[in-house]
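So the structure is just underneath, and the comments pick up after that.
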Amino acid sequence: MVSDNAIVPGTVYLIGAGPGDPGLITVRGLQLLQTADVIVYDRLAHPSLLQHARAGADKIYVGKASSQHAMRQPDINELLVQQAHLGKMVARLKGGDPYVFGRGGEEAARCREAGIKFEVVPGVTSAIAAGAYAGIPVTHRDAASSFAVITGHERDDQAQAGKAEGRRNWKNIANAADTLVFLMGIENLAEISCKLIDNGRSSDTPAALVQWGTWPTQRVVTGVLENIVEVAANAQITSPAVCIVGDVVSLREQLRWFDDTQTRPLFGKRILVTRAREQASVLSDKLRLLGADPIEFPTIKIVARENNAELDSAIESLSTYEWLVFTSPNGVDVFADEMLRCGRDARQLAGCRIAALGPATASQLRLRLGVVADYVPGEAVAEAVLAEWPDKNIAGKSILLPRAAEARDVLPDGLRAMGATVDVIPVYDTVLDTSSVEQLKDEIASGSLQALTFTSSSTVTNLIQAIGTPSREELQKLLKPSVIFAIGPVTARTLSENGVEAVVVSADHTIPGLLETILNHYSSF
Ligand code: SAH
């Protein structure tokens with residue numbers, strides 16, 4: 001949130017989100033995402049990147065599929081300018097690299113024209129990364145010493161039609177480099193392969209298509225120029241896909257890794273990880289390492305407590321506190337928003353010493369408030385925080401602790417035991433978010449979720465409740481296409497009480513045991 005009297009226009013950051021795999025965003029891009037007031041994103045940016053948005057940031061989808069623009073480019077340009085004029089820091093998140101066929105240049109030009117400051121954060125382009133994840137390097141000492149990235153789809157607006165044809169000189173393109181990478185080329189694959197052959201590339205030049213490169217849904221097909229159209233049609237490859245032409249394609253046999261089921265045996269499997277309140281990410285992280293695409297449900301949502309009178313009065317009397325302690329980046333965000341809303345800024349903190357639990361919290365403090373923490377404990381666990389507390393004379397001093405409503409009391413109790421007066425103010429709630437339930441039901445019903453995992457009885461009952469407590473028959477029908485894994489016999493019994501049988505039960509009732517059971521199940525096919 002920005003204060004009402006902000007009149008200084010914000011900056012627009014054109015950020016490359018990378019090709020899909022959320023780990024491929026740059027450090028700079030991620031930092032900006034975490035602090036932006038508004039994030040404007042499209043289809044090719046991975047949705048999980050939005051989880052890094054701070055509490056209270058606006059997220060605007062302007063999705064683009066090559067033929068059906070959800071929002072027209074001029075409207076996107078205006079949106080960026082308009083948001084910046086409101087004083088907001090705008091993160092324009094674009095798939096791949098913003099300046100590789102992303103129309104980033106047009107967005108930047110419009111900002112310049114409107115007098116809005118902009119910065120560009122380059123990204124990992126699909127032109128290189130899709131091949132890399134398919135085991136195809138764009139260059140190789142033995143196979144290619146140059147590569148070219150080419151659009152397979154020129155602008156088709158009438159007024160520019162003549163110019164576009166002029167730009168696309170097939171003789172030049174066919175011989176532009178050893179490796180040719182076409183983006184947006186799927187609809188025109190027949191023309192591309194034909195023109196390349198007509199202009200001197202041998203019809204037996206290896207060619208590959210990589211669809212949804214770096215995503216868990218990545219699919220790769222290979223052939224030669226002469227048959228690649230047929231291969232693509234048979235495999236029903238659709239956009240987004242890159243087409244790679246050149247001898248490097250043959251290296252896939254040797255260099256394939258991301259979709260190699262020898263080393264990543266769960267590749268391509270979408271697996272539901274149901275969770276109770278505790279984080280489910282340990283299981284998800286392990287599944288991801290084995291190549292799977294874990295889908296967590298419910299997700300966790302941070303909800304800031306608005307009009308928090310208790311917090312407002314603490315902010316007004318900050319000078320009476322000796323220490324201000326932040327336990328999470330979310331706490332920093334909500335605090336900073338509220339302070340600005342009250343018409344205050346970082347100067348209000350001048351008299352306090354500040355503790356930030358964990359490097360992410362310390363970094364958010366720097367980014368949001370420009371404040372360097374006085375104390376960042378080596379380990380962000382309450383017990384360690386207390387043991388290392390730098391101020392040994394805190395008896396009688398006041399400490400403000402703005403944090404999540406559902407947090408443990410070890411830290412405030414420990415500080416009180418040291419003689420301090422601690423004001424704990426809940427500033428946000430972590431709630432289980434079941435809003436994606438309809439989408440989840442569709443996925444389960446269509447069989448696109450290969451497996452469901454349950455790590456406790458409560459995950460079973462929570463899921464059943466979230467999907468509207470169906471009858472036994474309805475539930476059996478819904479779950480039929482998926483394999484059901486239970487962590488142990490108690491969880492399996494809860495499933496069976498609800499009519500769900502044929503469950504694969506882990507013998508060792510731990511997360512590693514469950515993982516092994518899942519692996520064994522799939523390796524026996
Ligand atoms: N700026 C983007 C490209 C935008 S043009 C980049 O640098 O990657 C959109 C085209 O990019 C798609 O039609 C497709 O050809 C390609 N593309 C983007 N992401 C892709 C992915 N994950 N896998 C395969 N192709 C992708």
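What you see below is based on every heavy atom in this structure, not just the backbone, and it leaves out hydrogens, waters and symmetry mates. Each ligand, and each atom within it, is numbered from 1 in the order the structure gives.
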Can you establish whether the number of heavy atoms outside Glu516 located under 6.0 Å from its atom CD is more than 12? no
Taking distance alone, with N or O pairs closer than 3.5 Å, would you say Pro19 contacts ligand 1? yes
Can you find an N or O of Thr214 that's nearer than 3.5 Å to an N or O of ligand 1? no
What part of Trp212, side chain from CB on, backbone N/CA/C/O, both or neither, has a heavy atom under 4.0 Å from ligand 1? backbone
Counting only heavy atoms not in Glu230, do more than 12 fall under 6.0 Å of its CD? no
Counting only nitrogen or oxygen atoms and a 3.5 angstrom limit, does Gly185 reach ligand 1? no
Say whether, by atom type as modelled, one donor and one acceptor occur between the side chain of Asp178 and the main chain of Ser145 under 3.5 angstrom. yes
Can you tell me if Thr274 uses its side chain to pair, donor with acceptor, with the backbone of Thr453 under 3.5 Å? yes
Does the plane of the ring in Phe485 sit parallel, tilted or perpendicular to the ring in Tyr522? Use 30° and 60° as the thresholds. tilted
Polar proximity ligand 1 side, Ser126 side, N/O cut 3.5 Å exclusive: yes
Do any heavy atoms of Gly95 fall under 4.0 Å from ligand 1? yes
Judging by distance only, is a nitrogen or oxygen of Leu44 under 3.5 angstrom from one on ligand 1? no
Looking at Arg288 and Asp285, does any basic side-chain N land under 4.0 Å from a carboxylate oxygen? yes
Give a yes or no on this: more than 12 heavy atoms of other residues, nucleotides or ligands lie within 6.0 Å of atom CD of Glu226. no
Can you list the residues that meet the side chain to side chain donor-acceptor pair (under 3.5 Å) rule with Tyr41, with sequence neighbours excluded? none
Under a 4.0 Å heavy-atom limit, does Pro98 contact ligand 1 with its side chain, its backbone, both, or neither? neither
Give the atoms of ligand 1, by number and element, whose distance to some non-hydrogen atom of Trp215 is under 4.0 Å. 22 (N)
Does Val210 have a heavy atom less than 4.0 Å from any atom of ligand 1? yes
Determine whether the side chain, the backbone, both or neither of Val100 has a heavy atom under 4.0 Å from any heavy atom of ligand 1. both
Note: ligand 1 atoms sitting under 4.0 Å from heavy atoms of Leu183 are 3 (C), 11 (O), 15 (O), 16 (C)
